[in-house]
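Residue numbering restarts at 1 for every chain, and letters A, B, ... go by the order of the sequence lines.
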Amino acid sequence: MECKDIDEMLISYLDGELTNEEKEVVELHLSTCPRCRRELEMLSATQYRLRQSFAARASKAPSPRAWAGLQQRLVAEEQSKVAVFSVARAKLGKIKGRLSSRQPMWKSALAGALVVALIAGLVLIVPSHFGQSQEVLAAEIAQNDPQVHEMLPEGTTVKITKIMKPREGDIFHALFLIPGGSIWGGEDEGEVIMIDALVNVRERKVVGLRAIKSRETPITPLSVAERKKAVEIAKADSRVQEILDGGAEIRRVIPLPFFKPADSSLTVKVVGVILTAPLSNSQAEVAPKPRVQRWIVVVNLDEGKVVELIGATR
Amino acid sequence: MDLIQQWQSGDSSAFETLFRRYKDMVFRTALLAVSDECQAEDMLQEAFVKVYKSRGKFKGDENGFRQWLYRITINICIDSHRREPASPFSLEEMGEAGFEPAETAPAYAKFEEKDAIWKAMKSLDGKHRLVVILRYFHELPYEEIAEILDIPIGTVKSRLNTAIRTLRGALADEEGKEVT
């Protein structure tokens, strides 16, 4: 065999990719040809330098934020998928009948309350903080479900406000917040509708839809002085004292926007002082699951008294 | 149920485990292909977005997954070469044209200059560069490279021959300069 033929086999020889017969031929030639031996040395040195160079440049790892970045990107990808979906949505009408006859429960549950409309120009947005891919998947399933689309107002931006993680099972809740008066003609100002899509992630489908209607109530943040006053009023109450003596702690003070004492006007400022205490051992034995006892002390700041004491265990 | 089956059944923690297991492989391949960490990280994300989307399509075990992921990564590298042909200005050229390199630049430039083989590597076209990366960085056998790139083994051999000889030429030039 000539040097030219051997030359073409040298890299495969160095890489251990020759058959035994080819290897023998090459080695026989090398034993008698100093020129090919030099060529082999040069190629071997090149491979060595290349590996060194690779090792020096590729010792790095991606940044610790790589996983979080990927999650955000997946969410962004889902958004673009929804945009594509909206283009194809005109075809929805054709499949609507089929879908509703297959799963009529959602329709009966919402009958009368909802205006069924085909959607045009709808944009859905998933908040960027959704961390886990199962949640992203749940959002994707909810967003792409034609039944969900029918429930959402046209020409507006509807946000998935929350994806709730299941405590057990595979059901996620995708909540769409819809301002009142958008497509729900005749609704009062300040009325809020939430569409809750129950998503079975494992089966990759929406297994139920609920509409939740509620009234919007603005929350006025409490000042430091108001919080302090609320704590003082609560502590002065004998029932609260007893709970505190029993080992409970004051955890926080919150506004209670929905609390309307029957005997007072709307201007009265009512706040809640939250107390918690770990359950005693004897109680824990009876009910092993709930481990914390919680009380809400409803305080009327204007009148300086405790209005109500609500206890709960969780 | 193995990791791949878990991932395909929708287990998000299995997807995360696959990401953590293969992120370095993908990132380093991309880094060698494009020489830019930000871009390599972007390509890492792109690769796993493709993995995520193709969950239902993939068929095979973890070894097959690894090969498939190599293929995805390589395709992203090829696309990035297509999108962004070689930068019109190298650091060295800018220096020659009278631009003052930034404070931190000289050390990096010096490193670049010293590494003649890397300079030559960067001058290779995408298809040769990727074969070299798969062989001499990932140390994959020819057969696997052929499968990943979907080319005959003969083509793998000829690309390696061309690439290594180009690099050898650069090395020889460098040694020649050192002598003179």
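- In this structure, chain A has a heavy atom under 4.5 Å from the side chain of Leu44(B), while its backbone stays farther away.
- Only the side chain of Phe19(B) comes within less than 4.5 Å of a heavy atom in chain A; its backbone stays farther off.
- Note: Asp42(B) leads Val156(B), Thr29(B), Val26(B), Asp42(B) in heavy-atom pairs under 4.5 Å with chain A.
- Within the 4.5 angstrom heavy-atom criterion, no atom of Ile153(B) approaches chain A.
- Annotation for Tyr48(A): atom OH does not count as buried by contact number, only 12 or fewer foreign heavy atoms lying within 6.0 Å.
- Side-chain polar atoms of Glu62(B) and Tyr22(B) form a donor-acceptor pair below 3.5 angstrom.
- With a 4.5 angstrom heavy-atom cutoff, Ser63(A) touches chain B via backbone and side-chain atoms both.
- Within the structure, salt bridge (charged side-chain N to carboxylate O under 4.0 Å, His left out) pairs that include any residue of residues 14-26 of chain A comprise Asp15(A)-Arg135(B) (at least two apart or interchain).
- Using a cutoff of 4.0 Å between basic side-chain nitrogens and carboxylate oxygens, Glu41(B) and Arg65(A) are not scored as salt-bridged.
- Only the side chain of Glu39(A) comes within contact range of chain B, judged by heavy atoms closer than 4.5 Å.
- Not one N or O on the side chain of Arg71(B) forms a donor-acceptor pair closer than 3.5 Å with the backbone of Leu149(B).
- The greatest number of non-hydrogen atom pairs below 4.5 Å with chain A, out of Leu31(B), Asn161(B), Leu167(B), is found for Asn161(B).
- A salt bridge does not link Arg159(B) to Asp125(B): none of the charged nitrogens lies less than 4.0 Å from a carboxylate oxygen.
- Heavy atoms of Lys157(B) lying under 4.5 Å from chain A belong exclusively to its side chain.
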